[in-house]
Structure formats: C-alpha cells, structure tokens
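For reference, the structure discussed in these notes is given below.
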Amino acid sequence: MIWIRSALYWLGLIVITPPYAVLCLLILPLPPVLRFRIISGWCWSQVQWVRITCGVKYRVEGREHIPAGPAMILSKHQSAWETMALPVIFPPFVYVLKRELFKIPFFGWGLKASSPIGIDRSNRSESQRLVMSQGRDRLAKGFWICIFPEGTRVPAGKRIKYKQGGARLALALGIPVVPVALNAGEFWPRNSFLKHPGTITVRIGPVIPAEGTPTELGDKVETWIENEMELISGQGPCHPANQR
C-alpha cells in the first residue's frame, strides 16, 4: 500500500509541476514578493498532496517566536519536505542555494522566479560577495532569508558540523536568527521514493540576536537545534532506532 500511495504522490507532482512552471514564467513582471506568494502556492499544494496521498502530516510548535521581521531562518535539513513546507509556514523569504538547481527542468524555472540567492560553490570568494550583495537586495525588497546551515540533507539520526555562512550573513546584515528543528527525514527520507505516514514536528525557537562572532552565533544556533532534535526525533518509522 505504501508503494501505491507514494506512486500516487509522485504522479500528482509530475502533473502539477509543468503548468505551474509555465505560470512562473508568465508572472515574472510582477513584484518579487507577490511573485513569491503565487509560487509558494505550489509548495502548499505539495504539502497538502503528500498529506492526502501518503498521510504525511505536520505540526508547528513555537509560532509565537516568529518576529515581525526581517530575520534569518536557519533550519535543520533532513528531507525535501521542509523545502516546500517552510515557505508555507514563514513570511516570504528567499533560499540561499546552489545555482545548479536552476537547471532542473520545470522545477528550476519556478525556483529561479522566487528570487533565491544562487551561489557557485566552486568559487567561494565570489559566492561570498554575491551572498552579501544579494542578501541586502532581498531584504530591501521585503524578504527574509533562509539557509540550511548543515549545507546538505542529513539523514535522520545523523549529525554533522554546521557551517558558519548563515551566521556570518546574519551578522553582516544585522538581522536576528530564527532557529528551526524538524524531523521530516523520519517520514520522508533523503532520496527516497517512499513517503511514510505520520506527523512531522516543526519546532521554531526563540529569536537569537545577531551578536558576537560567526562562530559564537553559529554555535548558539547549532546547540539549540540539536538539543531540540534530541527531544523530537525518534518519532518516525525511518529513524534508525525504529528500524531494528
């Protein structure tokens, strides 16, 4: 049954994405934030579709910690699910991501139209310069900024050292950090065709002021997120502890 339900989800994704990608091209003349709100409708549709087809639900804890803005979202990254869910949960924001994603047919079109900050990982100095300049530009246009400080999707139950780029950018722009812990990988594993039923927990933490050095700020974010992960992890069927 889980194979059938997962296949139904992917079928819906394939059907809705191409026309939405064409819509993204048509709305390019619109103001960036309005464009984002329209594009995030695709994200909403996918979060709802995976709930309907696969039973993947979610709950958000700590909404009261979301500031009026602007702010930097630094989130745990386990799955593709949060890349679609965070735009539904938070005010308009842009992702900092690798430019290669823009080349993905249809999906890349919509992604690029949402005003992300694209970086070339092979040119670190140029990427840092672009992130700073484009970060200021996006803030001026009314966006928040979102970065996954781990730099990649990390399987449930695993941990890697966080990168300091997000903390460094928050300090340079003078905006506070909103940390986010979530256990999406326990229900929608990395690179997995199967989606497992259950309820993902998204926990939003208190705002962390942009103070100190990048290392100090980054360590505060990492400590909060990983401490919360110990509390919310282990609830899903794809957590290593539940696969023995």
Side-chain angles (χ1 to χ4, degrees), residues 1-3 5-6 9-10 13 40 42-66 71-91 93 95-97 144-163 166-167 177-208 218-244:
M1 179 61 72
I2 190 171
W3 281 90
R5 298 180 74 178
S6 297
Y9 167 75
W10 285 108
L13 174 68
S40 64
W42 178 87
C43 298
W44 179 88
S45 73
Q46 294 309 301
V47 170
Q48 295 305 314
W49 186 235
V50 77
R51 176 184 62 82
I52 293 169
T53 56
C54 302
V56 179
K57 306 173 185 178
Y58 73 99
R59 61 171 172 263
V60 180
E61 301 175 357
R63 286 187 186 271
E64 68 275 10
H65 295 139
I66 300 177
M72 169 80 68
I73 303 166
L74 293 182
S75 173
K76 186 73 177 176
H77 195 19
Q78 292 187 336
S79 166
W81 180 86
E82 57 265 20
T83 63
M84 298 182 291
L86 293 180
V88 177
I89 297 170
F90 284 95
F93 68 80
Y95 282 115
V96 177
L97 43 76
W144 289 27
I145 298 172
C146 180
I147 293 179
F148 296 114
E150 292 161 300
T152 187
R153 288 173 291 175
V154 178
K158 302 291 185 180
R159 178 174 178 175
I160 64 173
K161 182 64 180 175
Y162 288 23
K163 301 180 186 303
V177 171
V178 178
V180 180
L182 50 85
N183 63 339
E186 298 180 22
F187 305 90
W188 181 330
R190 175 184 178 183
N191 298 328
S192 174
F193 176 83
L194 299 179
K195 314 291 179 278
H196 300 263
T199 302
I200 296 168
T201 298
V202 180
R203 185 167 293 175
I204 303 170
V207 168
I208 301 176
D219 285 348
K220 288 181 182 179
V221 172
E222 181 174 357
T223 297
W224 187 89
I225 291 177
E226 293 302 327
N227 284 345
E228 294 303 312
M229 289 304 300
E230 292 183 7
L231 300 176
I232 67 175
S233 64
Q235 301 173 11
C238 299
H239 189 279
N242 298 328
Q243 294 182 320
R244 297 171 184 170

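Predicted model only: the values in this text are computed from it and were never measured. Residue numbers count from 1 along this sequence.
- Within the 3.5 Å criterion, the main-chain N or O of Trp188 finds no donor-acceptor partner in the side chain of Ser192.
- Taking all atoms of both residues into account, the shortest heavy-atom contact from Ile208 to Pro179 is CD1-CG, 4.0 Å.
- A side-chain donor-acceptor contact under 3.5 Å links Asn183 to the backbone of Thr201.
- Under a 3.5 Å cut-off, the side chain of Thr83 and the backbone N or O of Ala80 do form a donor-acceptor pair.
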- Item | Chi angles and distances behind the side-chain contact (heavy atoms from CB on, under 4.5 Å) call for His65, Val178 | CA-CA 8 Å; His65 295 139; Val178 178; 5.7 Å; no
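- Contact of the Leu194 side chain with the Tyr9 side chain is not registered, since no non-hydrogen atoms from C-beta on lie closer than 4.5 Å.
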- Message: Please evaluate residues Arg159 and Glu230 with respect to the criterion salt bridge (Lys or Arg N to Asp or Glu O under 4.0 Å), reporting the C-alpha separation (whole Å), side-chain torsions for both, the decisive distance (0.1 Å), and the verdict.
- Response: CA-CA 11 Å; Arg159 178 174 178 175; Glu230 292 183 7; 5.2 Å; no
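- Residue pairs meeting the salt bridge (charged side-chain N to carboxylate O under 4.0 Å, His left out) criterion with at least one partner in residues 191-206, sequence neighbours excluded, are Glu61-Arg203, Arg203-Glu228.
- For the salt bridge (charged side-chain N to carboxylate O under 4.0 Å, His left out) condition, the pairs that include at least one residue of residues 74-91, sequence neighbours left out, are Lys76-Glu150, Lys76-Glu226.
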- Item | Test log, rule ring-ring contact (aromatic ring centres under 6.0 Å, His included), inputs Phe187 and Trp81 | CA-CA 9 Å; Phe187 305 90; Trp81 180 86; 9.2 Å; no
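- Arg153 places no side-chain N or O within 3.5 Å of a backbone atom of His77 that could act as its donor or acceptor partner.
- Residues satisfying the side chain to side chain contact (heavy atoms under 4.5 Å, CB included) criterion with Gln48, sequence neighbours excluded, are Trp44, Arg51.
- Here the closest non-hydrogen pair linking Ile2 and Pro197 is CD1-CD, 4.4 Å.
- Glu222 has its side chain within reach of Lys161: a pair of non-hydrogen atoms, C-beta onward, lies under 4.5 Å apart.
- In this pair, Phe90 and Trp144 present their aromatic rings tilted. The plane angle is within the 30 to 60° band.
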- Query: Hey, mind stepping through Val180 and Ile89 against side-chain contact (heavy atoms from CB on, under 4.5 Å) and telling me if it holds?
  - Reply: CA-CA 11 Å; Val180 180; Ile89 297 170; over 6 Å; no
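- In this structure, the side chain of Tyr58 does not engage the main chain of Ala85 through any donor-acceptor pair within 3.5 Å.
- No donor-acceptor pair under 3.5 Å is formed between the side chain of Gln78 and the backbone N or O of Arg190.
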- Item | Evaluation steps, side-chain contact (heavy atoms from CB on, under 4.5 Å), between Leu13 and Trp42 | CA-CA 10 Å; Leu13 174 68; Trp42 178 87; 3.5 Å; yes
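- Closest approach of Leu74 and Ala167 over heavy atoms only: CD1-N, 4.3 Å.
- Contact annotation: the side chain of Phe148 approaches that of Leu86 to within less than 4.5 Å [non-hydrogen atoms, C-beta and beyond].
- Between Pro189 and His196, the closest side-chain pair of non-hydrogen atoms falls below 4.5 Å.
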